[in-house]
Number of protein chains: 2
Amino acid sequence: MATGRAHRPATRSRGIPEATVARLPLYLRALTALSERSVPTVSSEELAAAAGVNSAKLRKDFSYLGSYGTRGVGYDVEYLVYQISRELGLTQDWPVVIVGIGNLGAALANYGGFASRGFRVAALIDADPSMAGKPVAGIPVQHTDELEAIIRNDGVSIGVIATPAGAAQQVCDRLVAAGVTSILNFAPTVLSVPDGVDVRKVDLSIELQILAFHEQRKAGEEATSGGAAPPPPAVRTRPADDGPDGEVPAVMPA
Amino acid sequence: MATGRAHRPATRSRGIPEATVARLPLYLRALTALSERSVPTVSSEELAAAAGVNSAKLRKDFSYLGSYGTRGVGYDVEYLVYQISRELGLTQDWPVVIVGIGNLGAALANYGGFASRGFRVAALIDADPSMAGKPVAGIPVQHTDELEAIIRNDGVSIGVIATPAGAAQQVCDRLVAAGVTSILNFAPTVLSVPDGVDVRKVDLSIELQILAFHEQRKAGEEATSGGAAPPPPAVRTRPADDGPDGEVPAVMPA
DNA sequence: ATGTCTTTGTGAACGCGTGCACAAAGATGG
DNA sequence: CCATCTTTGTGCACGCGTTCACAAAGACAT
Ligand SMILES: NC(=O)c1ccc[n+]([C@@H]2O[C@H](COP(=O)([O-])OP(=O)(O)OC[C@H]3O[C@@H](n4cnc5c(N)ncnc54)[C@H](O)[C@@H]3O)[C@@H](O)[C@H]2O)c1
Ligand SMILES: NC(=O)c1ccc[n+]([C@@H]2O[C@H](COP(=O)([O-])OP(=O)(O)OC[C@H]3O[C@@H](n4cnc5c(N)ncnc54)[C@H](O)[C@@H]3O)[C@@H](O)[C@H]2O)c1
């Protein structure tokens with residue numbers, strides 16, 4: 001889901017398909033749960049069920065990492081946890097900065113799921129001067145002016161943007177200029193970044209709209225007003241056309 | 001990203017590919033911005049740039065909706081806003097319940113991006129009795145006991161889960177039993193739902209792990225410790241050691 | 001009308017991801 | 001050591017999604 005200039009022409013980074021990479025955290029989560037229950041081994045079938053995927057897919061995913069299974073037995077849980085962690089780069093510590101400590105930013109700062117993997121909140125940054133020094137989740141909020149210094153001093157390479165949409169690109173530019181090369185964007189905007197910078201976005205509104213689409217399909221499969229097929233569109237250059245299709249507003253002048 | 005039992009064997013709902021549906025909200029956002037600036041028409045090239053996608057892809061996406069463009073001119077902004085809104089089901093009002101009003105749930109409740117499209121927060125629900133009646137974002141929190149009544153009375157079909165992971169499946173089951181058929185899940189768990197129910201998940205931790213993967217690739221393309229090839233795995237049959245899964249895992253005895 | 005110029009809509013090629021199905025590997029038991 | 005049984009690893013086919021490239025549609029000028 002990299003947006004903007006974050007093209008992925010051959011980002012099959014080192015032979016591991018992007019789709020597989022996206023599932024590794026899922027497997028890791030399931031394996032961690034098994035590990036906590038001291039389960040020694042799992043079959044691909046069991047693990048796939050726990051992760052909510054097809055077992056053949058899981059086996060193929062693991063085959064990209066190497067042959068870590070034992071035929072007739074399955075996979076060693078602890079060993080696989082380690083291998084996936086290493087592949088994902090979770091054996092090292094990743095300092096993260098969160099920019100925009102409002103409703104969402106504060107929730108993220110309080111989120112325990114950060115530290116549970118190798119992620120550490122290095123700093124909380126906000127433009128509001130009245131917030132400076134105020135602790136959120138035990139960490140004092142710092143002013144935007146400090147952004148560059150923090151990133152350089154702590155060697156931060158991952159930034160989280162939780163500012164209003166209008167500020168996101170500007171914040172993004174500063175992060176990138178200061179050395180951040182991975183961005184998680186919660187603001188509803190398309191970010192432009194130079195090559196080599198990865199952007200992933202989380203957009204609640206988009207998710208809801210996708211759900212609404214399917215919901216509408218489920219509800220109005222046969223009964224709702226209007227047919228299933230959209231009415232022949234009126235081309236507009238000259239309005240005064242037969243325009244009103246159904247009960248439609250939106251007639252445009254050329 | 002439907003998980004669990006939400007299989008999508010032929011969910012090409014009515015000829016509109018899933019990938020296209022996922023991009024429609026993106027186009028809609030860009031078009032809304034143009035509309036607010038009173039821009040009358042856009043070319044596929046311009047709109048694609050604004051939405052961060054390829055222009056050919058955009059045209060093909062729109063072609064699934066119908067022929068709404070004018071050759072030599074482009075697309076009428078207002079008309080397209082309406083058509084996409086209608087296709088996504090945003091011309092009607094979607095009541096939504098949020099379950100689990102903690103850090104994240106409260107942030108979601110306060111989020112203005114809900115109402116900006118056709119989504120309306122019908123209720124906030126939490127299991128903590130001490131929260132009952134306390135207003136969050138102007139809406140009084142209601143106890144979980146009320147869940148079924150609220151959903152039935154308001155005809156809620158979309159639910160948002162922001163509870164701890166351990167409670168998510170149970171909450172999900174209750175939502176589904178009460179009539180919810182679309183779920184947006186923020187808890188880091190795989191949800192099992194019956195056919196006909198859509199689940200989408202938002203998982204911050206997974207996004208960060210994917211970023212970490214690419215970050216590691218960028219950093220250690222040649223220099224980092226260890227080679228590229230993983231060491232040959234050892235096989236485990238008899239564990240014998242239960243899990244000190246504290247920090248350094250996985251050296252396998254043969 | 002006719003010609004030119006812009007931009008859409010889409011046919012076709014390609015590549016990625018998914019899932020089936022099975023041979024090979026290895027564990028386990030005799 | 002051999003037979004059997006379980007489960008992995010993967011070759012293969014298929015379908016979806018992306019992108020290119022271009023003919024056709026239409027605006028606009030003359
Ligand atoms: N709250 C949610 O549940 C939610 C959900 C989805 C998306 N979002 C998006 O996340 C973003 C934040 O949402 P929110 O509800 O926390 O908003 P908010 O207004 O509560 O918080 C925004 C914070 O960003 C700070 N800020 C503004 N400009 C800044 C800048 N240039 N540099 C640093 N900090 C700056 C503000 O001082 C404020 O503290 C928005 O873009 C919103 O659309 C929020
Ligand atoms: N905070 C974040 O930024 C963040 C990010 C990603 C994921 N998450 C996930 O979102 C979920 C919520 O996170 P949070 O930080 O808000 O946690 P939280 O502990 O602050 O809030 C959880 C809320 O859910 C309520 N709850 C518990 N069981 C319930 C039940 N059975 N029915 C109804 N309500 C119940 C609790 O009373 C509490 O108010 C967690 O699963 C977390 O992993 C949070």
Side-chain angles (χ1 to χ4, degrees), chain A residues 1-2 7-13 15-24 27 40-49 51-77 79-80 83 232-238 241 252-254, chain B residues 1-2 7-13 15-24 27 40-49 51-77 79-80 83 232-239 254:
Chain A
M1 298 273 171
H7 273 274
R8 186 146 303 152
T11 311
R12 277 279 296 275
S13 298
I16 300 186
E18 193 58 28
T20 295
V21 172
R23 280 188 295 268
L24 291 182
Y27 303 143
T41 60
V42 261
S43 68
S44 62
E45 207 71 51
E46 294 167 322
L47 185 54
V53 303
N54 181 299
S55 71
K57 195 187 296 186
L58 178 142
R59 286 197 300 276
K60 181 148 293 190
D61 284 342
F62 285 175
S63 78
Y64 293 115
L65 308 183
S67 290
Y68 294 154
T70 304
R71 299 180 188 221
V73 175
Y75 299 90
D76 181 279
V77 171
Y79 188 66
L80 205 47
Q83 288 299 341
V235 184
R236 44 217 53 267
T237 304
R238 225 50 84 85
D241 220 358
M252 272 322 280
Chain B
M1 301 271 171
H7 273 274
R8 187 145 305 151
T11 311
R12 275 277 295 273
S13 298
I16 300 186
E18 193 58 29
T20 295
V21 173
R23 281 189 294 268
L24 290 181
Y27 303 145
T41 60
V42 261
S43 68
S44 62
E45 206 71 50
E46 294 166 324
L47 185 54
V53 302
N54 180 300
S55 71
K57 194 187 295 185
L58 179 142
R59 287 198 299 276
K60 180 145 290 189
D61 283 341
F62 285 174
S63 78
Y64 294 115
L65 308 183
S67 290
Y68 294 153
T70 305
R71 296 175 191 227
V73 175
Y75 299 90
D76 182 280
V77 171
Y79 188 66
L80 205 46
Q83 289 297 342
V235 186
R236 143 86 57 97
T237 305
R238 207 60 71 92

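Order of the sequence lines sets the chain letters (A, B, ...), proteins ahead of strands, with each chain counted from 1.
Considering only heavy atoms from C-beta on, T70(B) stays 4.5 Å or farther from T41(B) through its side chain.
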B/S/- along nucleotides 4-9 of chain C (protein heavy atoms under 4.0 Å) is --BBBB

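The aromatic ring centroids of F62(A) and Y68(A) lie 6.0 Å or more from each other.
Scanning for salt bridge (charged side-chain N to carboxylate O under 4.0 Å, His left out) contacts around R59(A) gives an empty result, with sequence neighbours left out.
Of the side-chain N and O atoms in K60(A), none sit less than 4.0 angstrom from OP1 or OP2 of dT10(D). Between N54(A) and dG17(C) there is no side-chain polar atom (N or O) within less than 4.0 angstrom of OP1 or OP2.
Taking all atoms of both residues into account, the shortest heavy-atom contact from A51(B) to Y27(B) is CB-CD2, 3.8 Å. Across S44(B) and Y75(B), no two heavy atoms sit closer than the pair CB-CE1, 4.0 Å. Taking both residues in full, the closest heavy atoms of E46(B) and S43(B) are given as OE1-N, 2.9 Å, listed atom of the first, atom of the second, then distance.
Summarising the geometry, the separation between CG on D76(A) and C1' on dG26(C) is reported as 16 Å, rounded to the nearest angstrom. D61(B) has its CG atom 11 Å from the P atom of dT19(D), to the nearest Å. L58(B) has its CG atom 15 Å from the C1' atom of dG17(D), to the nearest Å. Residue E18(B) contributes atom CD, which lies 15 Å from atom C1' of dG17(C) at whole-angstrom precision.
Here the nucleotide nearest the side chain of K57(B), chosen from dA21(C), dT18(D), dC20(D), is dT18(D).
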